[in-house]
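Just below is one structure, and these are the notes that go with it.
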Amino acid sequence: MWDYTDKVMEHFLNPKNVGRIENPDGIGEVGSLACGDALTFTFKLGPDGRIADAKFQTFGCASAIASSSVLTEMVKGLTLEEAEKITNKDIVERLGGLPEQKMHCSVMGHEALMAAIAYYRSKGKGAPPAVKSGKIVCTCFGVTDEEIRRVVRDNNLTTVEQVTNYCKAGGGCGGCRGQIEKLIEEVQGDKVRQLRAAPEPPPRKLTNIQKIALIQEVLGEQVRPAMRAHGGDIELIDVVGNRVIVAFRGMCASCKLADYTMKEIVEAKLHEYVSPDLIVEEEADAAQRPHSHQES
Amino acid sequence: MDSVIYMDNNATTKVDPAVVEEMLPYFEQWYGNPSSMHSFGGRVAKKIQQARERIAALLGCQPDEILFTSGGTESDNTAIHGTLAAYPRKRKIITTRVEHPAILSPCRHLEQHGYEIYELSVDRQGRLSLDELAEVLDDNTALVTIMYANNETGVIFPIEEIGALCRARGVPFHTDAVQAVGKIPLNLKDSTIDMLSLSGHKLHAPKGIGVLYIRRGVRLVPFILGGHQEAGRRGGTENVPGIIGLGKAAELAREYMEDENTRVRALRDRLEAKILATCPDTMVNGDRQNRLPNTLNVSFEYVEGESILMMLNQYGICASSGSACTSGSLEPSHVMRAMGVPFTAAHGSVRFSLSRFNTQQEVDFVGEKIGPIIHRLRQLSPFVKTA
C-alpha cells in the first residue's frame, strides 16, 4: 500500500470543492479515461478580480483526488497572476509529500489550472489556446515536448524515470525514452551530462603476462566458485590480443545458458576487473564437442 | 484497524490454526534435521513423509512425485529451467499472455537468450483457443506451460484438453495451479498434466513452502544443486515446519473441498449479485461459467481501482485491483489488457477472492458498503455525466 501522508488521506476521504461551477470563468480539462486519470478544474472570479470559487472533478487515485482538492483551496482568493505562479511542487508541499510514482497527479493539477487560466484569457479573443502545445513525444500518454521540458525545469529532473513519474511520458511502450533523455539534456545542459558521465577509471596498461595473470585471478575468484557450486567449471585456454578463449567444464558444458553465462557473467566480470575491451569466446573445439554431465 | 474483512485470498490466505498447531512442535521440540542418521532427525523425516502422502492424496498422485520447493515461483522456475536443460536441442516454450510473472518473467529472460517464446492469446472472457495451441505446437517445443486458473479473474483453462494435445506431440506439459489447488478437485493420476506447481500460502499453509508435482518418468534436470535432499532433485535442507504445515493444509483442503465448491461459491455469487444490483455500469471480468468458486473480478466504469480499494479499506475490507495506480506502473494489469477489457473499465477493476473463513455477514457488509462507495467516487468523477 502507498505511504500517503495524513493530509493526502484527509483530502482523499473528505475532498473539498467537488463539482463543476456553472458558467465558469475558467475551465481546464486534462487527462483521459484511457490514461487512467483525468481532471476538470473550474473557477469563477469575484468582482475584485480574485478567484472567488474553484471546483474540481477527478477520475483517478487517492493522490489525484487529493491534489485536485488541495489545489482548489490554494487558489481561492488569489488573482490570476498569483494563481499562475503555483507549481506542482507547491501542490506536493501543501499535501506534505506524495510518493515519487504519483508526482504526475500534482502535475495534472498544475496543468488543469494553467489550462483554465488560458481559457479565461482567450475569451473574446477567438478560440481558446490549445491545452497541449508542442510536439507529441510520448504517443502512449499523449505528452508533448513542451510538457516534458516544463516538468524537467520545474522539478529539476535528471532521469527518464523521474520524468515518467512526473508526467507519465515514457511509461508505456518506452519507445520515446531516447527523446526524453535528449529533452532532459537540452533543459539541464551540462549538469545532467556530468551526472551521466560515469567516472572513468584510469586506463590500466597491462603487459600480456599481467593481463593473463589478472584474467586468471578474476576467473578464479569471481567466476569459478559459482560455477563449481553448480557442478561446473571454466578453464582459460588462451588470450589472443583482447580475445579471451575459455572452455566450460562439467555441468556448465551442457548448460543451455552457456552463452548467457559467457557474456553476462564471465565477460562482464572481466570488463569490470581487467579491461572493457576484452571479448570472451568459447573454445571452438569445446563448443562443438558433445557434452556430458559426467565430464569434468 | 480493529477488524478485517479479508477478501484477498488469491493474494494470500490465513494460516489455518490447525496448521499452526501441527507445525509448532517442529520449531523447538522436534527440530532435528531429517537427513541426520539419529532417530531425533528420523522422526522428522517420517513426518515429512506423512506430509508428502497427505499432499499426494489431495492431488491424486504418488508421494514420490512430490518435490518440495520454496513456493509457486520456485516450482514454476524449476519446471521451466529443468525441462530446458533436459531437452537442450529444443528452443521453444509455449505459454499464455495471462500467466503469473513467475512464468512470464523467466520466459522473457530466456527470450533474450535465444529461446522462442509463444504466448497464446485469450478472448474477451479470458478463454484460450485450443486451435491456436495446436497450430503452434511443433517438434522444436521444449515445454508448454499454461496456468490452471487465472489469479485475477479465476477463469479455469481446459487443462486436460491442453495436456492431451501436448501428449500427442510428445511435449511436456506444466501447469501453474497455484490458484486451483485446494479450491477445485484434482486427480493427477488420470490426468494429462506432467508437472504442476502449487503454493502453500494460497491454501491456508504458511508462506515459503510449495510443491512441484513431477509425473514419474518426466525428464527434469535439477534447478537447485547442493545436496541429496528430495531424491537429489532439489538441494537444501528442508523447510520442515513449512512442509508439515502444507501437509496438514492439504488434508484440510480435502476435507473442505465440498464447502469451497458450495458454500464459498454461494457467498461469491451473493456478493456478485449484490454488486451488479446496486452499481450500474459494472461488469464481471472473465468467463462466469468456468471460474474458480471463490473469485469475483468486477469492473466499475468511470472510477479508478485504487480509490475504490482505499475507500473499502476504511471499512476494514481487503480486496485488490488490477488498476495501474495500485502497482506503480502506468498501465492496468496485463491480464485485463490481454482480455481486451476497455481502458474505461480496466482502470476500475477490483478482485474479491474469498475463502472458507468468510461468512455471509461479511459478504452482506461488503455488499452494503460497495454501492455508496462507487456512487461517491462517481460523484467526484468528471465522467459522471456519462455514468
Side-chain angles (χ1 to χ4, degrees), chain A residues 1-2 4 9 12-13 15 18-20 29-41 56-65 68-69 99-102 104-105 112 138 140-141 164-165 168-173 229-232 251 254-261 263-264 291 293, chain B residues 81-91 109-110 112-115 142 221-226 235 301-311 313-314 318 320-321 323-332 342-348 376-387:
Chain A
M1 193 168 179
W2 297 109
Y4 287 133
M9 288 307 291
F12 167 63
L13 293 171
V18 174
R20 200 179 177 105
E29 292 179 304
V30 294
S32 71
L33 265 175
C35 286
D37 44 27
L39 165 61
T40 299
F41 174 85
F56 81 93
Q57 286 181 309
T58 297
F59 163 77
C61 59
S63 305
I65 291 170
S68 312
S69 170
E100 192 71 8
Q101 296 91 332
K102 300 280 191 175
H104 59 86
C105 298
C138 173
C140 297
F141 291 103
T164 303
N165 287 336
K168 293 193 169 187
C173 71
H230 291 83
M251 291 292 277
S254 58
C255 178
K256 295 315 294 173
L257 295 175
D259 287 349
Y260 168 78
T261 308
K263 289 288 165 197
E264 304 296 326
H291 299 307
H293 285 193
Chain B
H81 293 294
T83 304
L84 294 184
Y87 297 93
R89 291 197 185 128
K90 299 193 175 188
R91 308 288 291 178
H109 171 78
L110 287 161
Q112 290 172 350
H113 299 286
Y115 282 89
V221 174
F223 182 51
I224 296 182
L225 302 171
E301 295 218 57
Y302 315 118
V303 284
E304 203 276 331
E306 187 206 276
S307 296
I308 303 169
L309 291 191
M310 291 188 64
M311 290 273 183
N313 190 56
Q314 292 301 305
C318 305
S320 70
S321 172
S323 93
C325 271
T326 53
S327 60
S329 74
L330 295 172
E331 296 196 35
F343 273 131
T344 54
H347 287 295
R376 191 171 167 208
L377 286 170
R378 282 184 179 159
Q379 289 304 308
L380 284 173
S381 171
F383 306 109
V384 68
K385 57 183 180 288
T386 54

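Both backbone and side-chain heavy atoms feed into the values below; hydrogens, waters and symmetry mates do not. In the text below, chain A, chain B and the rest are named by the order of the sequence lines, each starting its count at 1.
- Residue B/I308: no heavy atom, backbone or side chain, is found under 4.5 Å from chain A.
- To the nearest 0.5 Å, atoms SG (A/C61) and CE (B/M310) are separated by 9.0 Å.
- At a threshold of 4.5 Å between non-hydrogen side-chain atoms, the residues B/L380 and A/T58 do not count as touching.
- When each of B/Q112, B/H81, B/H109 is checked for heavy-atom pairs under 4.5 Å with chain A, B/H109 comes out on top.
- Within the 4.5 Å cutoff, no side-chain heavy atoms of B/Q379 are placed close to those of A/P15.
- A heavy-atom distance below 4.5 Å is not found between the side chains of A/F59 and B/S307.
- Contact detail for B/S381 and A/Q57: the closest heavy-atom pair is O-NE2, 3.7 Å.
- Looking at A/I65, only its side chain comes within 4.5 Å of chain B, counting heavy atoms on both sides.
- Heavy atoms closer than 4.5 Å to chain B are found in both the backbone and the side chain of A/F12.
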